[in-house]
Amino acid sequence: MQLDLFDIPDNSAAEKEEILALRRELDKANYKYYVLSQPTLSDREFDRKMRRLQDLEALHPEMADKNSPTQRVGSDLSQKNGFRQLGHRHPMLSLANTYSEQEIHDWYERVCKDININPEIVCELKYDGLSISLWYEHGVLTHALTRGDGTRGDDVIDNVKTISSIPWKVESSKFNVQSFEIRGEILLPWESFERLNKEREEQEEPLFANPRNAASGTLKLQDPRIVAKRGLDAYLYYFIADDEPSDTHFGCLEVAKAMGFKVSDAIRVCHSIDEIMDFIGYWDTERKNLPVATDGIVLKVNDLNLQKQLGYTAKTPRWAIAYKFPAEKQLTMLKKITYQVGRTGVVTPVANLEPVQLSGTVVQRATLHNEDFIHQLGIQEGDMVWVEKGGEIIPKITGVESRRQESGGQYAYQFISHCPECGAMLVRDPEQVAWRCPNEEGCPPQQKGRIEHFVARKAMNIDGLGSETIDFFFEKGLIRNVADLYDLRYDDILSLEGFQQKATQNILHGIEQSKQVPWSRVLFALGIRMVGETTAKKLARRFTSVDMLRQATVEQLTEVEDVGIQIAESIQRYFSKAENISIVERLSAVGVQLESSDKLQTAQFVEYSNILAGKVIVISGTFSHHSREEYKDLIEQHGGRNTGAVSKNTSFILAGDNMGPQKLEKANQLGVQIMSEDEFLELIDSKDLT
């Protein structure tokens, strides 16, 4: 039977509509990923959709659009971030990427064919961070640009200067290089990432999905002091200069390393496709032992002249490609959804899973974030779900493979209506995605959570009161709120099972010592919703006593940097409750610092500055004017970074009486400056660091 021409289906209209839909979806995903650091698609899903769009555009050249995501680099530029924007001297293009080993073979054969030789290929780890372009003039760092849209980037030099692995000045003249650009990746190491997410979890703030998002969000902060505290790192991997110090990419990296730049040792010059595949296979496993996140391998033609000969496409170099490791995931059953109540009453659903091995550990639980997340995935108990480790660390459910069969095929999941701990009816803030238990004073997890927050190291720093001890004291009826801690008596504790004299004395000593904690940390310790450590410091500088803060209007509160309407209203709600006023009055009565002392007013609460930006400082000895913790705060407030060990990177030692002899000996060996307490305070006051 012969088909009539009109019987052949015409898919062009549907394909054109799909092109437009994919462009909208990928534009939105790019904005979420680069600007907001809130990815909505996995890398693999994004790449799959991008490949589909490329194929469709090839079928329909009449739909060509220079603004299509296939024709431009994703942009992290924001008109609201306040950074100066500069044009790149050389475009910062993306790399073509693949998840297929066969496509690596195809790329290598294509390169060999185009230049008629088998070139050396440099294989490097693909670090999962934020691209940065560093400009140096006569060896001095002058600009630090993000990728931006590939042609322009944000100059984040003040934040970059807080990263100790990026030198402010290098002796480039030794290598006959005056002006040059070096590119690399800003990273948040696993250790820093875990610490940051733990702090955010304690404050019930949204967790960063992975180190890349955390690094991106950190580098775009307006306050270099906060950036310095988060512990960013950097690896450099591409050197550009008018007078290249070598005719190979690997040679340029060796020169960069000799200048003092941090260049990875995990680089290999390969001479065949077999060597390339060996490198990929080795690091697919070994990368899990690295201190930073990696998500693949980058392959580059080594000879710079051959790179120029191969050239570029509209958005990628032909002489390089990235191979991405597939995310490790496993299929398992969602056995039950349970619920946890946090310190501020937020109820978080948790997936209890059939145990499964993932990235070297057994995973049995994964957060489900909130009700909206569950509905978006459409999951319920009994489903077979895919579990991944976000950034190899945080277990997360990424999809449903097969659903439990319900009668009638109806989706049956409903979020709980009452608190699983105290039975109170849950409420949902219309501006939030979370359900919350409103029974602040009578819900045990909230009561114990506020006490745990109060005694934490960055708050009142009361040793000996861990979560288990607080649970035990709570169970025995000794404490119900933070003020009750100061009513604890020696005999009350010693009479409890398992408590000896030494442990009892340590707890009471820690409680007594906490009365010397300065007002800014006490304010943080109170646990007012949305008032984190940094916000508490800024509020304490403006309102130097709890009475001033209680009387402040919303307008006065919002005059403080980073304090918006929501935070201001949260503060007022806290002080509107009789229970909280009672706690504050009891804390005041026992001598907790609820106002700034005169001596702290002159130093600890001075205006922030960047006078110590980029400085690495060791504190040693005992001091007369302030405590060691207060000096750590001062250093951070002025942009410096505290460290415990003396090294060649130490800028100076803040030394009090009885300085540690080993630190003194090491300082003398390395020629590290030793600064007295009075000299340091004079320096802070003068704002003149030479």
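Side chains included, hydrogens not; waters and symmetry mates left out as well; all remaining heavy atoms used. Here, residue 1 is the first one in the sequence, and each next residue gets the next number.
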Open item on the list: For a quick check under 3.5 Å, do Glu124 and His249 share a side-chain donor-acceptor pair by atom type?
Closed with: yes
Open item on the list: Any non-hydrogen side-chain atom of Arg212 less than 4.5 Å from a side-chain atom of Leu130?
Closed with: yes
- [ ] Report yes if the side chains of Glu18 and His60 come closer than 4.5 Å at any heavy-atom pair, otherwise no.
- [x] no
Task: Option from Leu95, Asp295, Ile297 for which side chain to side chain contact (heavy atoms under 4.5 Å, CB included) with Lys126 holds - done: Asp295
Task: Distance-only donor-acceptor check, side chains Asn305 and Gln309, under 3.5 Å - done: no
Open item on the list: Could you report the tightest heavy-atom contact between Ala256 and Ile182, atom names first, then the distance?
Closed with: CB-CD1, 3.7 Å
Open item on the list: Which label fits Phe180 and Phe261: parallel for a plane angle under 30°, tilted from 30 to 60°, or perpendicular past 60°?
Closed with: perpendicular
Open item on the list: Using a strict threshold of under 4.0 Å (side-chain N to carboxylate O), is an ion pair present between Lys49 and Glu25?
Closed with: yes
Open item on the list: Is there a side-chain contact between His143 and Arg84 in this structure, where contact means two heavy atoms from C-beta onward sitting under 4.5 Å apart?
Closed with: yes
TODO: Decide if atom CD of Glu171 counts as having more than 12 heavy atoms of other residues, nucleotides or ligands within a radius under 6.0 Å.
DONE: no
Task: Matching residue for Ile397 among Asp383, Thr367, Leu353 - test: side chain to side chain contact (heavy atoms under 4.5 Å, CB included) - done: Leu353
Open item on the list: Are Ile121 and Trp107 packed together at the side-chain level, in the sense that at least one heavy-atom pair is separated by less than 4.5 angstrom?
Closed with: yes
- [ ] I would like to know whether Tyr108 and Val111 meet side-chain contact (heavy atoms from CB on, under 4.5 Å); could you show each step before the answer?
- [x] CA-CA 5 Å; Tyr108 181 74; Val111 166; 5.7 Å; no
Task: Any donor-acceptor pair under 3.5 Å from Trp319 side chain to Lys308 backbone - done: no
- [ ] Report yes if the side chains of Val269 and Thr248 come closer than 4.5 Å at any heavy-atom pair, otherwise no.
- [x] no
Open item on the list: When you compare the side chain of Leu306 with that of Ile117, does any pair of heavy atoms fall below 4.5 Å?
Closed with: yes
Open item on the list: Between the side chains of Asp265 and Lys257, is the shortest nitrogen-to-carboxylate-oxygen separation below 4.0 Å, so that they form an ion pair?
Closed with: yes
Open item on the list: I need the minimum non-hydrogen distance between Ile337 and Glu381, along with the two atoms involved.
Closed with: N-OE2, 2.9 Å
